[in-house]
K.L.:
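Okay, handing you the structure first.
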Number of protein chains: 2
Amino acid sequence: MRQSRIGIRHLRCAIGVADAGGFRAAAEMLGIAQPAITKTIRDMEEDLGFEIFERGPKAVSLTAPGRRFIEDARQSLAQFERTIRAARRNETGSHGHVIIGYSALASSGHISDGLRGFEALCPGVQIEMHVLSTDTMMRQLAGGEIDAGFLLSHETVAHPAISQQPVWSSPIGLVLPRDAPDPDFETLSGAPFVMGLRENWRAYRLLLDRLCAEAGLVPQVTEEVWDVQVLFQRVAEGRGYTLYPMDAAPALPASLRMLALSRLRGSLTISMAWNHVADTALLRSFRAQFGREETAHMAR
Amino acid sequence: MRQSRIGIRHLRCAIGVADAGGFRAAAEMLGIAQPAITKTIRDMEEDLGFEIFERGPKAVSLTAPGRRFIEDARQSLAQFERTIRAARRNETGSHGHVIIGYSALASSGHISDGLRGFEALCPGVQIEMHVLSTDTMMRQLAGGEIDAGFLLSHETVAHPAISQQPVWSSPIGLVLPRDAPDPDFETLSGAPFVMGLRENWRAYRLLLDRLCAEAGLVPQVTEEVWDVQVLFQRVAEGRGYTLYPMDAAPALPASLRMLALSRLRGSLTISMAWNHVADTALLRSFRAQFGREETAHMAR
DNA sequence: TCGATTGATCGCAAATGGTTATCGCCCAAG
DNA sequence: CTTGGGCGATAACCATTTGCGATCAATCGA
């Protein structure tokens, strides 16, 4: 069979059109002129032998085979870019580049230990860390935007393309102002609580719901905030308590303290997650730092 | 960070040099002139920021980071080509292209059933089938040369990048000329046997060794042959018996017949194997035909 | 020391990827 | 019903990339 003249550029272009929803929009997004898009897409369609896009008068849409192709092309492009990124050395002397996502809840010393080990093994590798919500992290892992992530283990956090492996667990404690008195567990029900917004803290809130229900605790959520910094600030201001993994105690602002709640059973587990299609030598080394990875695995 | 100007062409070139062991040899293999290789490699090295190849006076060799990079690049290139191949339609009207390897031992009706199901689901997809030894198949799966394979399950057949899933099992029977009398099991020990060459039939021969030892059968291997056709031909000529999965009975030449050996316990299991990095929508459909694939899988 | 063989270099031709300007089309707002 | 604005397609043109043949410099074995 005649070998294809399609290159990475073509995939970028097609994915751009699919995401932008139009040739002109894609041209702007990719920083090139619109006719170049037209030509690239046409060349690719000719090579593949089918139309990727349906040119409607109002907007373009994917044909059925086009949708399948774009889906595969995303993986292919992500893998390609990972390969380059993992090998590339920049001007500042680092060799290789790994992009990691982590949940705000995972901000304990455990990650640092693993990272230190990785750094010793592969010195000079640049590690880029992004704080992301669990759901965003899953999406970005699936799309290949990040290489690995540390997120909350929860039965609702799953994706066919993503593998997960528990890394550590921590009990949940009560966060309160340093100078506040220890409350009785019974008085907590009905007491004001500040919590992360359900939309962004979905899995953690679900976990807390279950643990609280089991312990007979009914926190009165009087305020919901977007991120951890604000959460702690509000607690420090006396707006209410909040629940947080005990592991994070050392990272707490000086104005706050943590109280173990023996009646609150169960714990929060952080897992490392990665797209099992995402595979470079560098990422294998990285994952190896966080527990043994399965080798040949016999499915089902 | 400045985006890389490396494309698929560069990867092909680097892999070519690594495989051919020299710039000139790679040029010939890739069908282009040698200066183009020099320039492409130099551009790539400049972009990546390190030397991929060590230019020795006699031959080129990979540097340490170069070796890692080439390893990743192979996966990346294989995935890219799979993506194109899976989508491409050729002049004869087929859409998509899947390359499958199968062991000669797997030549039963079970594969046909799955293939028929796949064809119904994805009509017009071109399926290219290669008969390969189990070891060759593992190597080609790892290298992305084939998309999936049906091979003999055996504890010595494993590779960290390859997933396997049992598809069916078959007892082992005795193959003998149609007009030969049924031998007593006891008389088989010491009787002449024709077998596949150990080199090419490694895993199957290991399996037979174990089963025979357990049954107290000591076949006298008087001849070793390279492939099945010759194997059957030799048996038909009366050179000896052979052992073969009972499932293959319908595929046997008319001059041969099969005899169940109740004393020979255990069976041969055929597994579907695939590189878990190899992932296109088309391949997922294919694998789905041969049993449920694991979804989100929790490592360890 | 002399080929033979290796990768590097040079200059030129072709292919590729991109540009601007413009077209024809369809829909929606006037 | 017209018309303006937005869409992708097309045309003509330009810069860069890619590949070529010819040639060079270095090395190694005979």
Side-chain angles (χ1 to χ4, degrees), chain A residues 2-63 66-67 69-70 73 77 80-81 84, chain B residues 2-48 50-63 66-67 69-70 73 77 80 84:
Chain A
R2 175 183 90 270
Q3 109 143 3
S4 173
R5 278 175 306 289
I6 294 180
I8 282 296
R9 195 181 53 86
H10 296 256
L11 299 194
R12 282 209 181 89
C13 183
I15 291 170
V17 172
D19 287 345
F23 284 38
R24 267 187 140 86
E28 180 158 6
M29 177 183 303
L30 299 175
I32 56 179
Q34 169 260 317
I37 304 281
T38 295
K39 184 173 185 316
T40 303
I41 298 291
R42 279 189 91 254
D43 287 350
M44 187 164 21
E45 288 177 331
E46 185 158 342
D47 191 298
L48 291 176
F50 63 92
E51 303 236 302
I52 301 171
F53 297 100
E54 184 104 43
R55 276 77 158 178
K58 191 59 188 173
V60 297
S61 58
L62 283 162
T63 62
R67 176 167 293 105
F69 172 68
I70 290 293
L77 178 60
F80 176 86
E81 295 193 323
I84 304 299
Chain B
R2 172 182 95 270
Q3 109 143 5
S4 172
R5 277 176 307 289
I6 293 180
I8 282 296
R9 196 179 53 86
H10 297 255
L11 299 194
R12 281 210 182 89
C13 184
I15 291 169
V17 172
D19 287 344
F23 283 40
R24 262 184 143 90
E28 181 158 5
M29 177 183 303
L30 299 175
I32 57 178
Q34 169 259 317
I37 304 280
T38 295
K39 185 169 189 317
T40 303
I41 298 291
R42 279 189 90 255
D43 286 351
M44 186 165 22
E45 288 178 331
E46 185 157 344
D47 191 298
L48 291 177
F50 63 92
E51 302 236 306
I52 302 171
F53 296 101
E54 184 103 41
R55 274 80 156 177
K58 191 59 190 173
V60 296
S61 59
L62 283 162
T63 62
R67 176 167 293 106
F69 173 68
I70 290 292
L77 178 61
F80 177 85
I84 304 299

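Naming convention: chains lettered A, B, ... in sequence-line order (proteins, then strands); numbering from 1 in each chain. Values reported hereafter were calculated over all heavy atoms of this structure, with side chains retained and with hydrogens, waters and symmetry mates removed. In this text the structure is predicted, and so the values were computed from the model without any measurement.
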K.L.:
How long is the line joining CD1 of Ile6(A) and P of dG17(C), in whole Å?
P.N.:
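Interatomic distance, CD1 of Ile6(A) to P of dG17(C): 11 Å.
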K.L.:
Answer yes or no: does a side-chain N or O of Arg24(B) lie under 4.0 Å from OP1 or OP2 of dT5(C)?
P.N.:
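Answer is no, no contact under 4.0 Å.
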K.L.:
From CZ of Arg42(B) over to C1' of dC10(C), roughly how many Å is that when rounded to an integer?
P.N.:
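In whole Å, dC10(C) C1' and Arg42(B) CZ are 13 Å from each other.
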K.L.:
Looking only at the side chain of Phe23(B) (C-beta and beyond, no hydrogens), which of the listed nucleotides dT9(C), dT20(C), dA8(C) gets closest?
P.N.:
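Nucleotide nearest to Phe23(B)'s side chain: dA8(C).
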K.L.:
Measure CD1/Ile8(A) against P/dT16(C) and give the value in whole Å, please.
P.N.:
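After rounding, the gap between these two atoms is 18 Å.
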K.L.:
Within the side chain of Glu28(B), is there an N or O that forms a donor-acceptor pair under 3.5 Å with the backbone of Gln34(B)?
P.N.:
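Side chain of Glu28(B) to backbone of Gln34(B): no pair is present.
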K.L.:
Check the phosphate of dA8(C) against Arg55(B), side-chain N and O only, distance under 4.0 Å to OP1 or OP2. Yes or no?
P.N.:
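Looking at the OP1 and OP2 atoms of dA8(C), one of them is under 4.0 Å from a side-chain N or O of Arg55(B).
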K.L.:
Starting at atom CD1 of Ile41(B), determine the distance to atom P of dT9(C), rounded to an integer number of angstrom.
P.N.:
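To the nearest whole Å, that distance equals 14 Å.
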K.L.:
Taking atom CZ of Arg42(B) as the centre, does the number of heavy atoms from other residues, nucleotides or ligands within less than 6.0 Å exceed 12?
P.N.:
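At most 12 heavy atoms, drawn from other residues, nucleotides or ligands, come within 6.0 Å of this atom.
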K.L.:
Taking atom C1' of dA15(C) as reference, at what distance in whole Å does atom CZ of Arg5(A) sit?
P.N.:
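Checked: the CZ to C1' distance equals 11 Å.
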K.L.:
In whole angstrom, give the distance that lies between atom CG of Asp43(A) and atom C1' of dT16(C).
P.N.:
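Between C1' of dT16(C) and CG of Asp43(A): 10 Å.
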K.L.:
Output the rounded distance in Å from CZ (Arg12(A)) to C1' (dG17(C)).
P.N.:
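One finds 14 Å between C1' of dG17(C) and CZ of Arg12(A), rounded.
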K.L.:
Assign Gly56(B) to base, sugar-phosphate, or nothing according to its heavy-atom contacts below 4.0 angstrom with the strands shown.
P.N.:
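Here Gly56(B) touches no strand at all.
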K.L.:
Tell me whether the side-chain N/O atoms of Thr38(B) come closer than 4.0 Å to OP1 or OP2 in dA8(C).
P.N.:
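True: Thr38(B) side-chain N/O within range (under 4.0 Å) of dA8(C) OP1/OP2.
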K.L.:
When you compare the side chain of Ile8(A) with that of Ile6(B), does any pair of heavy atoms fall below 4.5 Å?
P.N.:
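Counting from C-beta outward, Ile6(B) and Ile8(A) never come under 4.5 Å.
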K.L.:
Can you tell if the side chain of Leu11(A) reaches within under 4.5 Å of the side chain of Phe69(A), non-hydrogen atoms only?
P.N.:
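Contact flag for Leu11(A)/Phe69(A) side chains = yes.
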K.L.:
First contact, last contact: which nucleotides of DNA chain D are these for chain B, 5' to 3', heavy-atom distance under 4.0 Å?
P.N.:
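From 5' to 3', the first and last contacting nucleotides are dT18(D) to dC28(D).
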K.L.:
Mark yes or no for whether Thr63(B), through its side chain, and Phe53(B), through its backbone, hold a donor-acceptor pair below 3.5 Å.
P.N.:
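Side chain of Thr63(B) to backbone of Phe53(B): no pair is present.
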K.L.:
Can you check the Gln34(B) CD to dT5(C) C1' distance for me, whole Å?
P.N.:
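For the pair Gln34(B) CD and dT5(C) C1', the rounded distance is 11 Å.
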K.L.:
Scan Lys39(A) against the nucleic acid and name what it touches under 4.0 Å (heavy atoms): base, sugar-phosphate only, or nothing.
P.N.:
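The residue Lys39(A) makes no contact with any strand.
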K.L.:
Can you tell if the side chain of Gln3(B) reaches within under 4.5 Å of the side chain of Arg12(A), non-hydrogen atoms only?
P.N.:
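Yes - at least one pair of side-chain heavy atoms lies under 4.5 Å apart.
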K.L.:
I'd like to know if the side chain of Glu45(A) and the backbone of Ile52(A) have a donor-acceptor N/O pair within less than 3.5 Å.
P.N.:
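The answer is yes, because a donor-acceptor pair under 3.5 Å joins these two groups.
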